[in-house]
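Computed from a prediction, not measured in an experiment: that's the story for all the values here.
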Amino acid sequence: MSETPTKRELRQWGDYLLNGFTFLVYVFMFAPIIVVILLSFNSSEFGSFPIEGLSLRWFEKLLANEVIIRAFLTSASLGILTALIGTLVAMMSAMALVRYRVPGRKLFSSLTIAPLLIPETALAVGLLLLLRSLGLPRTYMLLLIGHVLITLPFAFLVIQARLSGLGRTYEEAASSLGANALTVFREITLPLTAPALVAALLFAFTISFDNLTASLFWRPNGIETVPTQIFAMLKDSVSPEINALGTVMVSITIGLSLLAGAIGSRLASQAAAGPDN
Amino acid sequence: MTRAETSTKSRGVEVAKPWILLSPSLVILFCFMVLPMTIMGAFTLFLYVDIGVDAPDLGLRNWNVFFTDPYYHYAVWKTARVALITTVVCVVVGYVPAYVIATTRSRHRWLLMLLLLLPFWISFVIRTMSWIHVLGAHGAVNTFLMWIGLIDAPLEMLYTEGAVIMGLVHFLMPFAILNIFVSIESSDRSLVAVARTLGATPVGAFFSVTLPLSMPGVATGALLVFVLSAGSYVTPIILGGPDDFLFGNLIFETIMTQLNWPMGSTLAIALALILGGIIMIYSRYFGLERLTKGLT
């Protein structure tokens with residue numbers, strides 16, 4: 001019996017060790033970003049340590065920087081268009097592959113997620129080669145098409161998971177009660193898949209907004225997205241403006257994910273009050 | 001119109017419907033992925049004449065160069081080494097938080113989960129760039145070490161292979177943690193209790209039950225980390241020195257700077273084939289569904 005307390009002690013120490021290690025991993029994940037945020041408020045001329053004083057001057061400078069504002073608008077429009085097109089196309093093919101018996105279903109879903117498995121550089125080179133064979137210049141359209149291609153697998157997977165999770169019970173019930181196909185889709189399928197559609201939209205927007213590697217291949221001369229602009233600025237030196245931009249982007253990100261969470265729980269409670277339960 | 005006619009017509013529409021729904025994605029995937037990859041495959045057989053000029057003089061020259069030139073061997077070896085170290089670090093270090101989150105009974109579990117997902121939403125280029133502030137000559141680590149007087153001159157940590165690996169680990173660790181977490185979470189935890197009542201020590205139960213049951217998650221996480229790090233292009237440029245180029249950088253240089261399309265295509269196809277091969281081996285054992293499950 002005298003052994004038991006030491007064993008328990010040992011276990012306790014093991015738990016402390018595991019929790020401490022986990023804490024360190026979290027520190028590793030977030031400390032660098034916190035450093036960026038801290039430095040963005042540094043009044044020093046240089047975007048690095050030591051911190052000389054607090055100031056918002058780099059945010060003011062950022063707001064006055066037309067190049068960054070333009071990149072921001074490009075990224076935003078690209079992200080919104082990519083999200084809308086990608087989600088629509090993904091919804092259509094998820095409907096086809098989940099709700100109908102299509103021959104070669106497996107092949108089609110593998111094909112849809114293939115852009116995820118092919119290295120981005122290879123996809124990027126491929127599209128450039130296509131343009132070159134057709135003798136076309138790089139345009140905004142190329143970026144849009146490329147981003148839709150890259151985000152399609154993510155949007156598809158999210159919507160497909162929801163659609164197959166739902167089953168067809170509600171849709172069948174509605175059509176047996178006399179609703180036509182359009183009504184079933186509008187009144188049953190669409191509201192029930194809404195959380196997945198919102199998730200797919202946000203997912204696609206973020207992936208497009210964040211994309212750097214492929215965008216560096218595809219972007220036409222004179223057009224910069226936010227990541228390619230930051231990348232270009234990094235080649236000179238880390239200016240304090242980039243830190244300020246980083247802080248702005250992290251804030252938007254956290255805001256967006258909180259918004260997504262709020263919408264998600266709202267829709268979930270609506271669905272719980274609706275036909276789901 | 002008779003009833004029979006209407007029903008055959010509507011059956012025709014029913015049959016066509018999934019194809020109509022599928023057509024936009026099929027058009028996109030065929031025109032912008034299948035066709036370009038095919039053109040790229042054909043281009044590997046072309047002859048590079050001069051900057052931006054090539055001739056459809058079919059042959060295996062590019063592949064011959066790829067297999068014999070030590071420059072490319074070095075790039076393949078370096079990419080494999082960096083990706084492998086990144087993978088091992090991500091899986092081994094990431095296992096602990098995954099295990100803790102999956103097994104904790106803490107009230108703050110949701111917070112741990114939220115923080116685990118948060119990095120996926122934070123700008124990749126900002127996350128990568130942030131390491132300049134940590135490892136650089138005026139970065140947090142050097143500033144701190146000089147302040148406490150441990151060193152007199154800043155250590156050279158940035159622009160090395162180590163910095164590249166650090167950046168990749170930072171970017172890819174959440175993928176590993178998430179996949180391992182999912183597999184521990186979805187495994188039958190009562191088996192651990194069974195092992196314990198049969199006399200296994202907590203550590204023994206971990207090695208004989210939890211670890212083997214979580215291997216699919218470990219494999220999925222490892223695959224994702226390996227494939228994404230081996231295909232990376234941006235991290236070596238931001239955090240690496242002049243010699244720290246990976247395969248992706250080689251492709252970009254060959255195509256965008258040298259305008260050598262045939263060789264660039266060969267390199268891109270080679271990368272896609274190597275990584276595709278690894279994914280095929282994985283899917284034979286675990287299935288592709290598992291890979292995509294962890295991503296959503």
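- For a residue to count as touching a neighbouring chain, one of its non-hydrogen atoms must lie under 4.5 Å from one of that chain's; by this rule A/Tyr26 touches chain B with the side chain only.
- Proximity to chain B (any heavy atom under 4.5 Å) is shown, for A/Arg99, by neither the backbone nor the side chain.
- The backbone N or O of B/His133 sits nowhere less than 3.5 Å from a side-chain atom of B/His138 that would complete a donor-acceptor pair.
- If you measure heavy-atom distances from A/Ile34 to chain B, you find no contacts under 4.5 Å at all.
- Proximity to chain A (any heavy atom under 4.5 Å) is shown, for B/Leu116, by both the backbone and the side chain.
- B/Thr266 contributes atom OG1, which lies 12.5 Å from atom CG of B/Leu271 (distance to the nearest 0.5 angstrom).
- Near-neighbour residues of residues 248-258 of chain B relative to chain A, defined by a heavy atom under 4.5 Å from a heavy atom of that chain, comprise B/Gly248, B/Ile251, B/Phe252, B/Ile255, B/Met256.
- At a 4.5 Å heavy-atom cutoff, the contact between A/Leu128 and chain B is made by backbone and side-chain atoms alike.
- Only the side chain of A/Leu152 comes within contact range of chain B, judged by heavy atoms closer than 4.5 Å.
- Of the two parts of A/Ile145, only the side chain, counted from C-beta on, holds a non-hydrogen atom closer than 4.5 Å to a non-hydrogen atom of chain B.
- Heavy atoms closer than 4.5 Å to chain B are found in the side chain of A/Leu234, but not in its backbone.
- Residue contact with chain B, scored on non-hydrogen atoms closer than 4.5 Å, involves the backbone and the side chain of A/Val125 alike.
- Contacts of A/Phe108 with chain B are made by side-chain atoms alone, with heavy-atom separations under 4.5 Å and no backbone atom involved.
- Only the side chain of A/Ala181 comes within contact range of chain B, judged by heavy atoms closer than 4.5 Å.
- Using a 3.5 Å distance cut-off with no hydrogens or angles, the side chains of A/Ser215 and A/His147 do pair a donor with an acceptor.
- In this model, no donor atom of one side chain and acceptor atom of the other lie less than 3.5 Å apart for A/Thr22 and B/Tyr99.
- Neither the backbone nor the side chain of A/Arg101 comes within contact range of chain B, judged by heavy atoms closer than 4.5 Å.
- Scanning residues 205-212 of chain A against chain B with a 4.5 Å heavy-atom cutoff picks out A/Thr206, A/Asp210, A/Leu212, ordered by number.
- Heavy atoms closer than 4.5 Å to chain B are found in the side chain of A/Ile118, but not in its backbone.
- Using a 4.5 Å cut-off between heavy atoms, B/Trp19 touches chain A through its side chain atoms alone.
- B/Trp131 contributes no side-chain N or O that, together with a main-chain N or O of A/Pro32, makes up a donor-acceptor pair within less than 3.5 Å.
- Each of B/Leu35, B/Asn142, B/Val93 has some count of heavy-atom pairs under 4.5 Å with chain A, and the biggest count is that of B/Val93.
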